[in-house]
Amino acid sequence: MKLPSPLQTKQQIKPLLFILCLLPFLWLSYGLQQDFYPDPLKTLTQQTGIWALRLLLLTLCVTPLRKLTAWHALISLRRLLGLFAFFYALLHVTTWVIFEHDFELGGMWHDVLERPYITVGFLSFIGLLPLALTSNNAMIRYLGGQTWQRLHRLVYPIAIGVILHFWWSVKLDIRDPLLYALLLALLLGLRYRRQSKPPSLV
Amino acid sequence: MRKFTIPSIPSSEITPEQLYQERRRFLRHSIETSLGLAALSLAPGLLAAELPPAGAAFADLGKSVHSSQDPLTPYEKVSRYNNFYEFGTDKSDPAYAAKNLVTNPWSLTISGEVAKPGTYTLEDILRPHALEERIYRLRCVEGWSMVIPWVGFPLADLLKRFQPTAKARYVAFETLHDPAQMPGQRDGFSLDWPYVEGLRLDEALHPLTLLAVGLYGKVLPNQNGAPIRLVVPWKYGFKSIKSLVKIHLSAQQPPTSWNKSAPNEYGFYANVNPAVDHPRWSQAKERRIGDFFKRETLPFNGYAAEVAGLYTGMDLRTFF
């Protein structure tokens, strides 16, 4: 099978991916407007959170997939996935700020300090901020490729934090967080193996 | 005293409410499309097979003085948003997974410290009791709430019939354990089965403690705990055990399911208390299903005037 060329990836696949990434948002908005959900706030919170995690894990799939398939143009899709992960995380946090706390700072601060799952969730979101803000060509030029890359390695602790946040928020059935934890472990494991190989074999 | 008799018509024979409501239009439609008498006799049967079993309505329900004045949570939400882990851990699961639960015949065992233990049919259990409508707030430990018009009778009336002995201090309750009918009970990631709950005898005898057999004037939907369930309005929802098969009176405090699953998170008492947080989330506020913003949670779910006396002298932080 012939892989899409860099131009095809950028001009055809990227717009398609943009629409795909927007679909959960559109579907959720439609569901809320049609009153599909018995507890719409819970659905909104859970769905924005889970899509942020899914997209974050997808960004982590890009590098292993490039090595596996030699479809190097995939890299041009990573920023889109990362920014959409941030978009859903922002919606997730906004829901919490507005509907859990009614903009009340004291209550939010109390939650962040007292509830471990909020603490790690909050830290993960704060960690995403510099990554989102530097996800443009100007910032890469400004920081220099190496610094930029070092900064963006923050994604690993963030992903672990998000998994913990999910795991600790679950009441009883840990299957879903477990599944995502295994996926993350796999993605991190692939990187570890790659790193530990002698350079001549890469 | 008004007596309740179980409807003797099998549920398969009962015309679905929707069809009944639309009977004139349906008739006209049938004749207009000249399908004739054959269609008239066939079509209702065909339609009935596709609709969920319609709940039979109760006649002449008394209104309770204990009813809340809060606006009711719509029937569609009450019957589609259920924590009933026997039918799955997602709140949308039970409405589908419970639809084939066989609730007739049903029997209930009364055992332990009572003068008249035994296993009784549901008909025998219900026969002497007058049913009434009671509108209660329901506060889930997860931080949401509903207002539900239950149909039922005080648990105290039932317990008195079977005469607790002097040794009885607690009442234990048990849900049906039938993995063939309850897919959630075949699930290794869920609770230990059967689901068990318990009350102190004075809590069980309190006039607010209800055995419910219906809601919104009709027989309980399966997903809401048919055919008979407990409702304790001042405690978190998980205390209000569903689809009861056993009531056991004892001298010792019985084990309870959520407490066994996470002892630091769910206590035996589980009284609604905005001042005592769940270890992982706040209990100060709740979202009434249908509202966007949260409201303050009230001590004992707003029933403090009636029940706070049961706990005088107790540290509600220790006995959460």
Side-chain angles (χ1 to χ4, degrees), chain A residues 28-29 31-47 49-50 91 94-122 164-182, chain B residues 73-95 140-146 184 187-192 195 223 236-238 257-262 265-266 277-296:
Chain A
L28 204 54
S29 311
L32 288 173
Q33 191 246 327
Q34 296 287 313
D35 201 15
F36 278 170
Y37 315 115
D39 190 352
L41 262 302
K42 187 166 185 123
T43 307
L44 189 60
T45 307
Q46 286 182 342
Q47 290 301 308
I50 201 75
L91 286 176
T94 308
T95 309
W96 176 75
V97 169
I98 301 179
F99 296 109
E100 285 296 314
H101 289 290
D102 206 358
F103 298 101
E104 198 199 309
L105 278 173
M108 284 186 248
W109 192 236
H110 178 84
D111 256 13
V112 169
L113 292 182
E114 296 294 318
R115 316 206 179 282
Y117 85 99
I118 306 262
T119 316
V120 294
F122 185 75
L164 278 179
H165 168 70
F166 186 17
W167 195 300
W168 288 342
S169 71
V170 159
K171 195 172 160 202
L172 180 75
D173 187 352
I174 49 122
R175 249 169 306 198
D176 283 348
L178 182 65
L179 177 73
Y180 288 99
L182 290 174
Chain B
T73 305
Y75 176 82
E76 293 68 38
K77 307 235 169 182
V78 175
S79 60
R80 276 179 42 209
Y81 197 66
N82 311 99
N83 270 328
F84 196 170
Y85 279 27
E86 281 80 346
F87 296 104
T89 53
D90 194 279
K91 279 182 265 294
S92 61
D93 291 339
C140 179
V141 74
E142 296 166 2
W144 53 268
S145 62
M146 293 185 179
D187 179 349
F189 283 83
S190 198
L191 295 161
D192 275 345
Y195 193 88
Q223 63 270 31
Y236 293 119
F238 67 85
S257 283
W258 278 99
N259 178 253
K260 282 195 292 181
S261 148
E265 298 191 345
Y266 310 98
D277 284 346
H278 185 281
R280 288 185 284 155
W281 57 83
S282 166
Q283 295 293 24
K285 291 182 179 180
E286 69 199 52
R287 183 173 292 111
R288 185 68 50 85
I289 294 299
D291 288 357
F292 266 79
F293 288 95
K294 292 194 156 187
R295 63 177 69 206
E296 303 282 329

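Throughout, protein chains are lettered first and strands after them, A, B, ... in sequence-line order, and every chain is numbered starting at 1.
Of all the heavy atoms in A/K171 and B/W258, the pair that sits closest is CE-CH2, 3.6 Å. The two residues B/Y81 and A/K42 have their closest heavy-atom pair at OH-CD, 3.4 Å. Shown here for A/R115 and B/R280, the closest heavy-atom pair between the two residues is CD-O, 3.2 Å.
The side-chain heavy atoms of A/E114 and B/W281, taken from C-beta on, include no pair separated by under 4.5 Å. The shortest distance between side-chain heavy atoms of A/E100 and B/F293 does not fall below 4.5 Å. B/S261 places a side-chain heavy atom less than 4.5 Å from the side chain of A/L172.
Most heavy-atom pairs under 4.5 Å with chain A, from the set B/P74, B/S282, B/G143, B/S190: that is B/S282. The most heavy-atom pairs under 4.5 Å with chain A, out of B/H278, B/K77, B/E76, B/K285, come from B/K77.
Atoms OG1 and CD1, on B/T89 and A/I174 in that order, are 11.5 Å from each other to the nearest 0.5 Å. Here the CG atom belonging to A/D39 is positioned 6.0 Å from the CZ atom belonging to B/R287, to the nearest 0.5 angstrom. If you take CG on A/L32 and CZ on B/F292, they are separated by 6.0 Å, rounding to the nearest 0.5 Å.
For a residue to count as touching a neighbouring chain, one of its non-hydrogen atoms must lie under 4.5 Å from one of that chain's; by this rule B/N82 does not touch chain A. Both the backbone and the side chain of A/I98 have a heavy atom closer than 4.5 Å to some heavy atom of chain B. With a 4.5 Å cut-off on non-hydrogen atoms, A/Y117 touches chain B through its side chain but not through its backbone.
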B/D187 vs A/R175, salt bridge (charged side-chain N to carboxylate O under 4.0 Å, His left out): CA-CA, chis, key distance, verdict: CA-CA 11 Å; B/D187 179 349; A/R175 249 169 306 198; 2.7 Å; yes
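Comment: A/D102 does not engage B/K294 in a salt bridge, judged by the lack of any side-chain N to carboxylate O separation of less than 4.0 angstrom.
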